[in-house]
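The structure appears below as structure tokens.
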Amino acid sequence: MTPPNGTQRAAENCSLLTIAGSDCSGGAGIQADLKTFAAHGCYGMSVLTALTAQNTMEVKAVHPIPPSFVGDQIRSVIVDVKPHAIKTGMLCNAEIAAEVASVLQAYKHAGSTAPIVCDPVCVSTSGHTLLESDSLGVLLRDIFPICTLVTPNKSEAELLLGHLDEPIEISSLDNILHAADRLASLGRCSVLLKGGHFVSTMEDVHDFSERHPSLQVVKQNLFDENMEILQVVSTGLEPRKLVVDLLYERNGGATAYVRPRIESTSTHGTGCTLSSAIACELAQGNSLRDAVASASMYTHLGILTAQPIGKGNGPLNHLHSVEKSTVPRRTSVNPYPFTYLLIKHTKEIWKSYVQHDFVKQLGKGFLSRESFVYFIKQDYHYLKYYSRAYGLLAAKSSTFPSIRSATEVILNVLKEISTHTTFCESFGVTPEELEATPESTATTAYGAYILNVGLQGDQAKLIMALMACLLGYGEVGLWLKKEASRSGSGIVLEGNPYKKWIEDYSGEHYQGAVRMGIESIEKLVDNDRPSPERLQEWKDVWRRCTELEKGFWDAAMVQAT
């Protein structure tokens, strides 16, 4: 999608104008807008439409600014500093709304291409009216048509459509789509209808997307495909309640942004913050879809990382993005952000590893005996490399707990070798044959790589190399178990000659090791925040080991041909 102004622009070169009311408690209005502009690295300017006496509990009073003075403020700014985007918030009454519309219409007719984002603020969280009813017609008739985007919430959309004698109660995703469609058509603009005032589930989203095949679904801060290990580890933490915002573009395209619902009282100024963040993204030349995606996550994390302020609904943490961190901090929604980042960073190769034909055929019970026997023989040799690599990790460790942890893994592998040997014997492979089988090229390549990483000096890099195997097999086990429970998947346990293998890797003992592994790398990052360069090295090691894991199974599949 072509950016609204056709060019990309660095944030520090962007100036933005907010036309809105003042919130003396600092959480909403122009105060929230200016904080958001600054957090995005942009220069912010403000035009006041009204003064309010409010706090986190209530709006006590509203004092409108004379309309002509509102117009004077806007003209004073735009004649000097040309904003790269404009955001409108609380317009208070019909006279002010009409004046704002008149000045902005003239500005556009004079050649301005600055995108305009309108947050049609009507009612405060505490229920105080912030927009007089006679202003609704001005918004719909004069403001919306000159806007790039309008961002109503559920109540505002219902109020606007009710004003047009099209009453609607928005209580489902289909209602959201219909309401956004009508507002976009009537206002001749794109509409982001926010779904924060009602709860959705992933089942709702799946059903909704099936009814509307052209709908794009963007998942945000949600565990995605092939992240079963994170979902199991986070049992009780991963939220099932979702928020769905729907972007309906002027050209008819629709995108649903789906993210976890956060139970929080730090929501004062959410609409102001979101619309301002979108304006920042548009000012930098980003497409509307990308701008909404980025701004939604900024606002989501602002709520998630906020500290309670005040006695009522407190403000967001507008400055969370200012902290220079290569890895997000752990939160209640995503307690394992580093593992999430690694898997997401290698999404395609990770999927080809987890859902390899070897794995699928094994799960269906169709995998040739030759391929599986070849695999378990080579796995026996790989475990030698794996144990030696943990020996290096123990040597690199400087505390007794970390030395003990690495040593326990080696002892566990030694214990598992007897189980592995017994398992091999059930497929007709004797211990003598295991030892006599030569290593394959894939086994040597993988084993040599992890030992080489271990000899390079960076303990963290070695941990990354070892985790790809531990977490990968855990993910494979859980994926097979999940697919076996799904009708029509073809994956079966009963009667499957490889049932024990699947149960071992999906079972509590192995998954307990996975949980410890995930926790260990998350603590590593908590205690040693990596530089961008070091983080890239860690990612590269993880990716390479994922590729080598896939190569291990590629080699086994060749045996069937």
Side-chain angles (χ1 to χ4, degrees), residues 16-24 28-34 45-54 58-80 83 85-110 112 114-153 155-165 183 186-189 191 269 271-272 275-276 279:
L16 287 98
L17 171 63
T18 172
I19 304 171
S22 169
D23 172 10
C24 56
I30 63 162
Q31 286 83 353
D33 298 340
L34 292 173
M45 303 170 287
S46 61
V47 166
L48 280 176
T49 59
L51 303 174
T52 67
Q54 64 174 298
E58 61 179 332
V59 178
K60 292 181 176 293
V62 176
H63 180 69
I65 303 297
S68 61
F69 189 69
V70 173
D72 288 342
Q73 291 179 78
I74 300 172
R75 282 185 285 267
S76 294
V77 170
I78 62 179
V79 76
D80 181 24
I86 300 170
K87 172 259 171 83
T88 70
M90 176 187 175
L91 298 181
C92 196
N93 58 42
E95 291 76 16
I96 293 175
E99 178 68 13
V100 170
S102 176
V103 176
L104 293 184
Q105 285 169 358
Y107 187 49
K108 288 188 76 73
H109 290 156
S112 170
I116 300 174
V117 177
C118 172
D119 180 17
V121 180
C122 298
V123 182
S124 70
T125 304
S126 59
H128 194 284
T129 299
L130 299 177
L131 185 70
E132 296 175 6
S133 59
D134 60 353
S135 306
L136 297 175
V138 180
L139 282 180
L140 288 159
R141 183 183 63 251
D142 300 327
I143 297 285
F144 287 9
I146 61 172
C147 289
T148 303
L149 181 69
V150 177
T151 63
N153 60 28
S155 300
E156 290 158 351
E158 290 172 344
L159 191 63
L160 288 162
L161 288 172
H163 178 77
L164 295 170
D165 294 325
L183 285 173
L186 295 165
R188 303 191 298 283
C189 58
V191 172
C272 306
S275 53
S276 294

Give the minimum heavy-atom separation between [X] and [Y], together with the two atoms involved.
X      : Y      : value
Leu136 : Cys122 : CD2-SG, 4.3 Å
Asn93  : Ser135 : C-OG, 2.8 Å
Asn153 : Ser155 : OD1-N, 3.2 Å
Pro145 : Leu140 : CD-O, 3.6 Å
Glu99  : Pro67  : CG-O, 3.1 Å
Cys272 : Ala28  : SG-CB, 4.0 Å

Query raised in the report: Hey, does Leu186 have a side-chain heavy atom less than 4.5 Å from the side chain of Leu161?
Result: yes
Requested in this report: Please tell me if the side chains of Leu183 and Val150 come closer than 4.5 Å, counting only heavy atoms from C-beta onward.
Outcome: no
Report task. Test Ile74 against Tyr107 for side chain to side chain contact (heavy atoms under 4.5 Å, CB included), laying out the working first. Result -> CA-CA 10 Å; Ile74 300 172; Tyr107 187 49; over 6 Å; no
Taking atom [atom1] of [X] and atom [atom2] of [Y], what is their separation to the nearest 0.5 Å?
X      : Y      : atom1 : atom2 : result
Met90  : Leu48  : CE    : CG    : 10.5 Å
Gln54  : Cys24  : CD    : SG    : 6.0 Å
Asp23  : Leu51  : CG    : CG    : 11.5 Å
Ile86  : Met45  : CD1   : CE    : 8.0 Å
Ser276 : Asp119 : OG    : CG    : 8.0 Å

Query raised in the report: Which residue, Thr151, Leu149, Asp33, Ile19, forms the side chain to side chain contact (heavy atoms under 4.5 Å, CB included) with Lys87?
Result: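 When Thr151, Leu149, Asp33, Ile19 are each tested with Lys87, the side chain to side chain contact (heavy atoms under 4.5 Å, CB included) holds only for Asp33.
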Query raised in the report: Looking at Ser275, Pro120, Cys147, Cys118, which hits side chain to side chain contact (heavy atoms under 4.5 Å, CB included) with Thr88?
Result: Cys118
Query raised in the report: Ser102 side chain to Ala98 main-chain N or O, any donor-acceptor pair under 3.5 Å?
Result: no
Report task. Using the test side-chain contact (heavy atoms from CB on, under 4.5 Å), find all partners of Asp142 that sit at least two apart in sequence or belong to another chain. Result -> Ala101, Gln105, Val138
Query - CA sep, side-chain torsions, deciding dist, call: His163, Leu139, side chain to side chain contact (heavy atoms under 4.5 Å, CB included) - result: CA-CA 11 Å; His163 178 77; Leu139 282 180; over 6 Å; no
Query raised in the report: Is there a side chain to side chain contact (heavy atoms under 4.5 Å, CB included) between Ile65 and Thr49 once you walk through the steps?
Result: CA-CA 5 Å; Ile65 303 297; Thr49 59; 5.5 Å; no
Query raised in the report: After noting the C-alpha distance and the side-chain angles of Ser46 and Leu34, does the key distance pass the side chain to side chain contact (heavy atoms under 4.5 Å, CB included) rule?
Result: CA-CA 8 Å; Ser46 61; Leu34 292 173; 4.2 Å; yes
